[in-house]
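Some notes on the structure that comes next.
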Amino acid sequence: QVRFVESGGGLVRPGGSLSLACAVSGLTFSSYAMGWFRQAPGKEREFVAAIRWAGSTTDYIDSVKGRFTISKDNAKNTVHLQMNSLRPEDTAVYYCNAVNFRLRSALFDDWGQGTQVTVSS
């Protein structure tokens, strides 16, 4: 059974940084593209960023380009999201999942508990 465990969220002031991590088990991690999604209060979950299985190619939504960096450690079955220059509109619960890189869609219905990111002064 696939499992995603997100961590690293918190409360940060606008302009601050956070580093999220997601530990993955139950799948052959090195064979999958991985992605981060987020869900703000009252909104649907949205795609944020993805990285191909080998880590050679990344994809971001326009609003986080240049501020967020996704990375993947195949040896540790972990995917990271470094978030800099955070804005209040980045406030959301952040989740990871394996993804269809081209479609920007999650592959598994089993989501983790997510990690809360709150950007506020």
Side-chain angles (χ1 to χ4, degrees):
Q1 180 180 357
V2 64
R3 187 172 182 223
F4 305 102
V5 180
E6 301 89 352
S7 62
L11 172 64
V12 63
R13 295 182 183 276
S17 298
L18 283 174
S19 181
L20 306 185
C22 176
V24 183
S25 60
L27 54 77
T28 306
F29 184 79
S30 59
S31 298
Y32 285 85
M34 294 298 301
W36 284 93
F37 299 78
R38 66 186 180 187
Q39 187 168 19
K43 295 186 177 181
E44 293 188 352
R45 185 153 40 203
E46 67 169 348
F47 168 85
V48 175
I51 186 168
R52 284 198 185 275
W53 66 273
S56 57
T57 307
T58 56
D59 179 32
Y60 301 90
I61 56 172
D62 287 345
S63 62
V64 308
K65 282 181 181 177
R67 301 188 298 120
F68 290 11
T69 303
I70 187 171
S71 60
K72 188 174 185 270
D73 187 338
N74 286 337
K76 296 184 178 180
N77 285 17
T78 304
V79 58
H80 298 270
L81 187 67
Q82 177 65 41
M83 305 187 297
N84 300 327
S85 302
L86 282 161
R87 304 168 180 169
E89 54 264 38
D90 295 318
T91 295
V93 179
Y94 284 71
Y95 303 87
C96 73
N97 207 311
V99 299
N100 179 312
F101 188 86
R102 183 177 62 86
L103 297 179
R104 295 180 159 182
S105 60
L107 292 180
F108 294 95
D109 293 331
D110 296 318
W111 294 87
Q113 83 288 349
T115 187
Q116 175 71 50
V117 172
T118 303
V119 185
S120 175
S121 55

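It should be emphasised that the depicted structure is a prediction, and the values quoted were computed from it without experimental measurement.
- Applying the salt bridge (Lys or Arg N to Asp or Glu O under 4.0 Å) test to Asp62 and every residue at least two apart in sequence or in another chain returns Lys65.
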Practice problem: Please lay out, stage by stage, how Asn100 and Ser105 fare under the test side-chain hydrogen bond (donor to acceptor under 3.5 Å, both in side chains). | Solution: CA-CA 5 Å; Asn100 179 312; Ser105 60; 4.9 Å; no
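- Two residues are said to be in side-chain contact when any heavy atoms from C-beta on lie closer than 4.5 Å; Tyr94 and Trp36 meet this criterion.
- Once rounded to the nearest 0.5 Å, the distance linking CD of Gln39 with CD of Gln116 reads 10.5 Å.
- Shown here for Cys22 and Phe4, the closest heavy-atom pair between the two residues is SG-CB, 4.0 Å.
- Note on residues 19-45: pairs passing salt bridge (Lys or Arg N to Asp or Glu O under 4.0 Å), not counting sequence neighbours, are Arg38-Glu46, Arg38-Asp90.
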Practice problem: Let me see the working for Thr57 and Phe101 under side chain to side chain contact (heavy atoms under 4.5 Å, CB included), right down to the final yes or no. | Solution: CA-CA 10 Å; Thr57 307; Phe101 188 86; 3.8 Å; yes
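- Taking both residues in full, the closest heavy atoms of Arg104 and Asp59 are given as NE-OD2, 2.6 Å, listed atom of the first, atom of the second, then distance.
- Side-chain atoms of Thr91 come within 3.5 Å of backbone N or O of Val119 as a donor-acceptor pair.
- Minimum heavy-atom separation, Ala98 to Leu27: CB-CD2, 4.4 Å.
- Annotation: side chain of Ser120 is not in contact with side chain of Pro88 (no heavy-atom distance under 4.5 Å).
- Taking 4.5 Å as the limit, every side-chain heavy atom of Asn74 sits out of range of all side-chain heavy atoms of Asn77.
- No donor-acceptor pair under 3.5 Å is formed between the side chain of Asn97 and the backbone N or O of Val99.
- In this structure, the side chains of Arg52 and Lys72 stay at 4.5 Å or more apart for every pair of heavy atoms.
- Checked by atom type and distance alone, the side chain of Glu6 never pairs as donor or acceptor with a backbone atom of Leu20 at under 3.5 Å.
- The aromatic rings of Trp111 and Phe37 sit perpendicular to each other, their planes meeting at more than 60°, with 30° as the lower class boundary.
- In the model, Thr78 has no side-chain atom that pairs as donor or acceptor with a side-chain atom of Asp73 under 3.5 Å.
- Rounded to the nearest 0.5 angstrom, Ser17 OG and Phe68 CZ are separated by 9.5 Å.
- Within the 4.5 Å cutoff, the side chain of Tyr32 has no heavy atoms near those of the Trp53 side chain.
- The two residues Ala49 and Tyr60 come nearest to each other via the heavy atoms CB-CD2, 3.5 Å.
- Thr115 places a side-chain N or O within donor-acceptor distance of the main-chain N or O of Gly9, the cut-off being under 3.5 Å.
- Comment: Arg3 does not engage Asp110 in a salt bridge, judged by the lack of any side-chain N to carboxylate O separation of less than 4.0 angstrom.
- Taking NE2 from His80 and OG from Ser71, the interatomic distance works out to 5.5 Å, rounded to the nearest 0.5 Å.
- Using a 4.5 Å heavy-atom threshold, the side chains of Thr69 and Met83 count as separate.
- In this structure the side chain of Ile70 reaches within 4.5 angstrom of the side chain of Val79, judged on heavy atoms.
- Put simply, the side chain of Leu18 reaches to within 4.5 Å of the side chain of Val117, judged on heavy atoms.
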